[in-house]
Amino acid sequence: MPKRYIPNDKWSKKAAEEGYRARSVYKLMELNEKFYIIRNGMTVLDLGAAPGSWLQYTAEEVGPKGRVIGIDLTEIEPIDNVETYVEDITNIDAIKKIVPEEVDLILSDLAPKTSGIRDVDQWKSIELSQAVVETALEILRPGGKCVLKVLRGGDFEEFIAECKQRWKKLKVFSVEASRDRSNEIYVILWK
Ligand SMILES: C[S@@+](CC[C@H](N)C(=O)[O-])C[C@H]1O[C@@H](n2cnc3c(N)ncnc32)[C@H](O)[C@@H]1O
């Protein structure tokens, strides 16, 4: 029988021990501890949510009065008190049909399929981030927040400059659980 792959980095081990589906949950926990973004009773939309560790943690934080919706190109295994949909997040009309009301918080840990070419991957990440920002500006309630992962590179500064013009407040933050060599960074936007 083939051996099951067990990742041996500290965050993956911790996630497996604590019942989370991915190591990335610790990135969201750190962001939440720092910026207090997820609160009891909130409606939260997670874009690019598979396999679902952010959904698991968010559902715990919003509690039974909250609502958590996850969207991904890939099907997400069911999670208690979480709604999931298979959709391309760049299809804003489809997203608005899934979530017709205003939401309190949008999360995005989206990662494009990597090409291995750093500039191309970074450009694709910016393109996805732009789609998230457009959706967020349409469906976030006034005062709502959007937290998104972006790969830093050539177009990053231009993306940030554009966001600064359209959002009330912006913070750029790098989390401990990102791999050392990673160029990923999290951007927090206040509407
Ligand atoms: C790093 S994973 C997200 C991990 C997730 N935060 C978790 O904690 O389990 C990035 C996800 O983005 C999704 N994705 C990439 N492009 C997408 C698109 N255009 N529409 C929807 N999902 C997309 C991928 O399918 C992948 O599941």
Side-chain angles (χ1 to χ4, degrees), residues 7 9-63 65-72 79 81-82 89 102-111 122 125-126 128-133 135-137 139-153 156-157 159-191:
D9 70 282
K10 115 175 166 183
W11 299 109
S12 300
K13 276 188 183 156
K14 193 167 153 67
E17 280 162 16
E18 294 180 357
Y20 290 110
R21 294 178 183 182
R23 68 197 297 286
S24 45
V25 71
Y26 300 106
K27 302 175 189 175
L28 181 60
M29 281 184 192
E30 191 181 334
L31 288 162
N32 196 32
E33 275 155 25
K34 174 93 183 159
F35 297 102
Y36 192 42
I37 47 181
I38 311 170
R39 297 187 199 180
N40 205 359
M42 272 185 165
T43 296
V44 183
L45 173 63
D46 185 0
L47 298 173
S53 75
W54 282 27
L55 294 173
Q56 290 175 289
Y57 174 66
T58 303
E60 288 162 18
E61 293 299 297
V62 301
K65 289 197 177 128
R67 184 175 172 209
V68 181
I69 306 140
I71 299 179
D72 203 288
I79 300 169
N81 301 320
V82 174
I89 68 93
E102 285 189 326
V103 303
D104 300 302
L105 172 65
I106 292 186
L107 302 173
S108 162
D109 192 28
L110 278 158
Q122 193 268 338
S125 164
I126 294 286
L128 285 173
S129 303
Q130 281 165 340
V132 172
V133 163
T135 305
L137 284 167
I139 67 174
L140 261 187
R141 70 164 169 79
K145 295 186 195 92
C146 176
V147 177
L148 68 156
K149 176 173 77 187
V150 188
L151 298 184
R152 252 190 305 200
F156 178 73
E157 293 306 332
F159 172 71
I160 293 295
E162 221 174 86
C163 287
K164 277 187 179 157
Q165 287 181 358
R166 302 174 80 191
W167 293 77
K168 211 186 269 171
K169 191 171 136 191
L170 175 152
K171 284 246 181 261
V172 175
F173 189 71
S174 95
V175 298
E176 205 206 317
S178 288
R179 289 192 176 98
D180 293 347
R181 59 192 153 83
S182 167
N183 60 343
E184 70 183 27
I185 195 116
Y186 287 84
V187 178
I188 302 131
L189 302 163
W190 283 258
K191 191 174 174 189

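Side-chain atoms are counted along with the backbone in the values below, which use heavy atoms only and exclude waters and symmetry mates.
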Problem set entry | Worked verdict on Ile89 versus Leu110 for side chain to side chain contact (heavy atoms under 4.5 Å, CB included) | CA-CA 9 Å; Ile89 68 93; Leu110 278 158; 3.6 Å; yes
Pairwise distance [atom1]([X]) to [atom2]([Y]) - rounded to 0.5 angstrom:
X      : Y      : atom1 : atom2 : answer
Leu137 : Arg166 : CG    : CZ    : 5.0 Å
Asn32  : Lys27  : CG    : NZ    : 16.0 Å
Asp72  : Asp46  : CG    : CG    : 8.5 Å
Lys168 : Lys191 : NZ    : NZ    : 10.0 Å
Glu60  : Asn81  : CD    : CG    : 11.0 Å
Leu105 : Arg141 : CG    : CZ    : 9.0 Å

Would you confirm whether [X], through its side chain, and [Y], through its main-chain N or O, come within 3.5 Å as a donor-acceptor pair?
X      : Y      : result
Asn183 : Leu151 : no
Lys145 : Ile37  : no
Trp54  : Ala49  : no

Where [X] and [Y] come nearest, the two heavy atoms and their spacing:
X      : Y      : result
Leu189 : Cys163 : CD2-CB, 3.9 Å
Gly70  : Leu55  : CA-CD2, 3.7 Å
Arg21  : Pro51  : NH1-O, 3.0 Å
Ser129 : Leu148 : CB-CD1, 3.5 Å
Val62  : Val68  : CG2-CG2, 3.6 Å
Ala111 : Leu128 : C-CD1, 4.3 Å

Problem set entry | Polar side chain donor-acceptor pair, Glu30 to Tyr186, under 3.5 angstrom |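 Note: Glu30 and Tyr186 side chains miss the donor-acceptor criterion.
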Problem set entry | Electrostatic pair Arg23:Asp9 at N-O distance under 4.0 angstrom | yes
Seminar exercise, completed: Only residue of Val147, Leu28, Asp104 satisfying side-chain contact (heavy atoms from CB on, under 4.5 Å) with Ile38 is Leu28
For this session: Give the C-alpha distance, both sets of side-chain angles, the deciding distance and a yes or no for side chain to side chain contact (heavy atoms under 4.5 Å, CB included) between Phe156 and Ile185.
Result: CA-CA 10 Å; Phe156 178 73; Ile185 195 116; 3.6 Å; yes
[Y] and [X], any side-chain heavy atoms less than 4.5 Å apart:
X      : Y      : result
Tyr57  : Glu18  : no
Gln56  : Val25  : no
Ser125 : Lys149 : no
Val44  : Ile69  : no
Cys146 : Val133 : no
Ile126 : Val150 : yes

Problem set entry | Whether Tyr26 and Tyr20 hold their rings parallel, tilted or perpendicular, with breakpoints at 30° and 60° |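 Aromatic pair Tyr26/Tyr20 classed perpendicular.
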Problem set entry | Derivation and outcome, side chain to side chain contact (heavy atoms under 4.5 Å, CB included), residues Trp167 and Val187 | CA-CA 12 Å; Trp167 293 77; Val187 178; over 6 Å; no
Problem set entry | Pair Ile71-Leu45, side chain to side chain contact (heavy atoms under 4.5 Å, CB included): steps then yes or no | CA-CA 8 Å; Ile71 299 179; Leu45 173 63; 3.8 Å; yes
